[in-house]
Amino acid sequence: MATIAYLLLCRGGPAATVALAERLSAAGDLVALHVDRRARPADTAAIRAAIAGNPSVVLARSVRCDRGEWSRVQAVLNAARAALAAFPQATHLYLLTDECLPIKPAARLRAALDAEGCDHIESLDFQAVGGGGQMALQPICRQDVAAPWRRAGIRAAVATGKPPGRAPPGDLRGMTGSRWWCLRRGTVEAVLAFLAGRPDVRRFFRAGGWAEAPLSATLFQTLVRHLVPGDEIRSRAPTFGLVAENGRPVTFYNDHFDLLTVQEGFFAHRISAGAGQLRARLEALHAAPGPGPAVSGGGAEIYRFLTGRGRVGQRFGDRAWERGASLGPGHDLMLAICKKRGVARRLAGRVRRTIGMPAVEFPFDDDAADLPDLGGIERGLAKRSRHHGAFLRLVFDSYGTDRLLLCLDPSDLDVMTDLHGDGARVRMLEIACPFSQADLLGHARGLGLLSQSSPPGLAALVLPVLGQQIRDESARLRAAGFPALYRLEPGLALSEAALVLAKFLEIPYDTARGIADTATLFDD
């Protein structure tokens, strides 16, 4: 069974550091603790006193850690040397800070390490991820970037494509990735021996390494890939973490338990110091004998969905390249707006059968929408959305009609605004569908926010936001002030629904009654 020595970097207060060290050692593992020399002497003394009687915890030689500098790497190297010297029984070394907490049972991590027999470190080639050595990864955490006095040099190096200070050793291929890793003992020993025997490599990294990424994201990532066969590297970080758009690490709170425990990592970085409930639940999970929740992943997508409302820009006017390509007068366009696409498609089918009007279902939302041959512009959402009016004019011409029913999602407010300003005669029908919890769950799965294995707690986090989004879209539609906006909903009597459809489609009332059977129109 694997025995893990955690390289624990202390950056916060002594209480969190000691609590994490005790929790890890209580689970049967080992801890090499590095305390930043910039810490207050009282805090350092408190940590020393708390771990003095614990044989599973050892202190590493302390250095002052500066942001983005070699000193942060030196702290990791010192902790690794301390762990290798003090714990000959350790089979793996796992890098953490005191802001990390386990999101899987300890037994599950050990079983995974035993079964896979490889190193867990994200290691991606600069050329592959960025082209020409310019990184195109997700935003780098600001706390890993060099101090302000070195940023100008790094920016200049990136602009010229030349590394700062020194040229890279010719036999090393620059790699980058997450700064979190779990390596086998032999791999760490090989990295330390390599650094000891290669002063040119030490000088290169001390001078700043590659300008494209911080040292914490390049040194071990490069050297492990240089020293270990590729089939013995699992190029994925074992610790889950997110970086927000502002470059700062995302902080997790009490309501993130279900989100965290279904991610692929074994730890998560950055747990709020005040999230006592989350910390207690994760501590209990770490000590649990079972495997823990099934993995469903999708953490970054779920986080963006929950926090990204209101950030997506919308366009409301013509651009210069669009002028002159519009629907123009002489076209009647009926917009059926509905969140439940099955209901809108059912209405479109009835309109086709009853009055023979062509209908196009969600061409700006469904990549596989059924469309006539338009010379290639119908292939893909990007081409159709480049100019909504020009695209629909081709549809009108293809069907040889001046009347068209178009199904849209309530989120397509930019499309509706474009079409109202494109010269055609536009009428709109909002088909208001109720959404049960089961409907919301199915919708969330369709969007990829949840899966069959997602725990109820994660659904409880996502579904209220999704429901509010649907309500907000309906409210924005009604507040937009569109003329000729009608509304159809399940509670209307047949006579009322027929009157709404008669006005919307401009057809006789008796004909509209054959379309307006709401009892079956809104069936799920």
Side-chain angles (χ1 to χ4, degrees), residues 242 244-246 250 253 255-256 258-259 298-317 333-345 347 361-367 381 385 388 406-421 426-451 454 456-492 500 504 518 521-522 524:
L242 297 173
E245 291 180 352
N246 62 3
V250 171
Y253 298 97
D255 57 352
H256 286 126
D258 289 308
L259 171 67
E301 292 77 11
I302 293 173
Y303 176 80
R304 282 195 297 269
F305 171 76
L306 293 174
T307 60
R309 306 275 65 80
R311 295 183 181 179
V312 180
Q314 296 177 335
R315 62 180 180 87
F316 293 92
L333 186 60
M334 276 68 78
L335 306 181
I337 303 157
C338 186
K339 197 67 178 179
K340 288 187 176 180
R341 297 186 183 179
V343 174
R345 290 188 171 107
L347 175 68
E361 301 167 1
F362 301 99
F364 303 116
D365 303 282
D366 185 358
D367 194 61
L381 295 176
S385 300
H388 304 123
L406 177 67
C407 298
L408 294 177
D409 189 275
S411 64
D412 295 329
L413 197 63
D414 59 335
V415 179
M416 303 171 208
T417 304
D418 273 358
L419 296 178
H420 269 87
V426 180
R427 292 189 302 284
M428 302 170 66
L429 175 68
E430 181 187 10
I431 308 173
C433 298
F435 270 77
S436 65
Q437 286 295 103
D439 293 332
L440 289 173
L441 183 61
H443 190 46
R445 288 173 177 169
L447 294 174
L449 298 171
L450 298 173
S451 67
S454 297
L458 187 55
L461 192 67
V462 170
L463 297 189
V465 179
L466 191 58
Q468 186 60 50
Q469 177 188 346
I470 293 172
R471 292 189 292 272
D472 289 345
E473 289 173 352
S474 179
R476 284 194 294 271
L477 174 62
R478 295 193 298 273
F482 293 122
L485 174 60
Y486 303 95
R487 184 178 174 89
L488 192 65
E489 51 191 343
L492 292 178
V500 169
F504 168 61
T518 56
L521 178 64
F522 289 92
D524 288 329

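Ala300 is linked by a side chain to side chain contact (heavy atoms under 4.5 Å, CB included) to Leu242, Arg304, counting only residues two or more places apart in sequence or in another chain. For the salt bridge (charged side-chain N to carboxylate O under 4.0 Å, His left out) test, no residue two or more places apart in sequence or in another chain qualifies with Asp367.
Taking CG of Leu485 as the reference point, atom CZ of Arg427 lies at 12.5 Å (rounded to 0.5 Å). Between the CG atom in Leu450 and the CG atom in Leu440 there is a gap of 10.5 Å [rounded to 0.5 Å]. Atom CZ of residue Arg341 and atom NE2 of residue His443 lie 8.0 Å apart, to the nearest 0.5 angstrom. Here Phe504 contributes atom CZ and Leu335 contributes atom CG; the two are 6.5 Å apart, rounded to the nearest 0.5 Å. The CD1 atom of Ile337 sits 11.5 Å away from the CD atom of Glu473 when rounded to the nearest 0.5 Å. We find the CG-CG distance between Leu408 and Leu429 to be 11.5 Å, quoted to the nearest 0.5 Å.
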### Query
Is there a side-chain contact (heavy atoms from CB on, under 4.5 Å) between Val250 and His256 once you walk through the steps?
CA-CA 11 Å; Val250 171; His256 286 126; 5.8 Å; no
### Task
Please lay out, stage by stage, how Phe364 and Asp409 fare under the test side-chain contact (heavy atoms from CB on, under 4.5 Å).
CA-CA 9 Å; Phe364 303 116; Asp409 189 275; over 6 Å; no
### Query
Where do Leu463 and Phe435 land on the side-chain contact (heavy atoms from CB on, under 4.5 Å) test, with the steps shown first?
CA-CA 11 Å; Leu463 297 189; Phe435 270 77; over 6 Å; no
### Task
For side-chain contact (heavy atoms from CB on, under 4.5 Å), just list the numbers for Ile302 and Leu461, CA-CA rounded to whole Å, side-chain angles, deciding distance to a tenth of an Å, and then say yes or no.
CA-CA 10 Å; Ile302 293 173; Leu461 192 67; 5.6 Å; no
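Looking at heavy atoms from C-beta onward, His420 lies in side-chain contact with Pro483 at the 4.5 angstrom threshold. Contact annotation: the side chain of His388 approaches that of Leu419 to within less than 4.5 Å [non-hydrogen atoms, C-beta and beyond]. The closest side-chain heavy-atom distance from Phe482 to Val426 is not below 4.5 Å.
In this structure, Ser474 contributes its side chain and Arg471 its backbone to no donor-acceptor pair below 3.5 Å. A side-chain donor-acceptor contact under 3.5 Å links Lys340 to the backbone of Pro434.
Judged by distance alone, the side chains of Asp414 and Thr417 never bring a donor and an acceptor atom under 3.5 Å apart.
Heavy atoms only, all atoms of each residue included: Leu492 and Arg487 are closest at CD1-O, 4.0 Å. Ala432 and Phe522 get closest at one heavy-atom pair: O-CE2, 3.7 Å. A pairwise comparison of heavy atoms in Ala344 and Ile431 identifies CA-CD1, 4.5 Å as the closest pair. Closest heavy-atom contact between Tyr303 and Ala244: OH-CB, 4.5 Å.
Look at Lys339 and Asp439 and you find no salt bridge, because none of the NZ, NE, NH1 or NH2 atoms lies under 4.0 Å from a carboxylate O.
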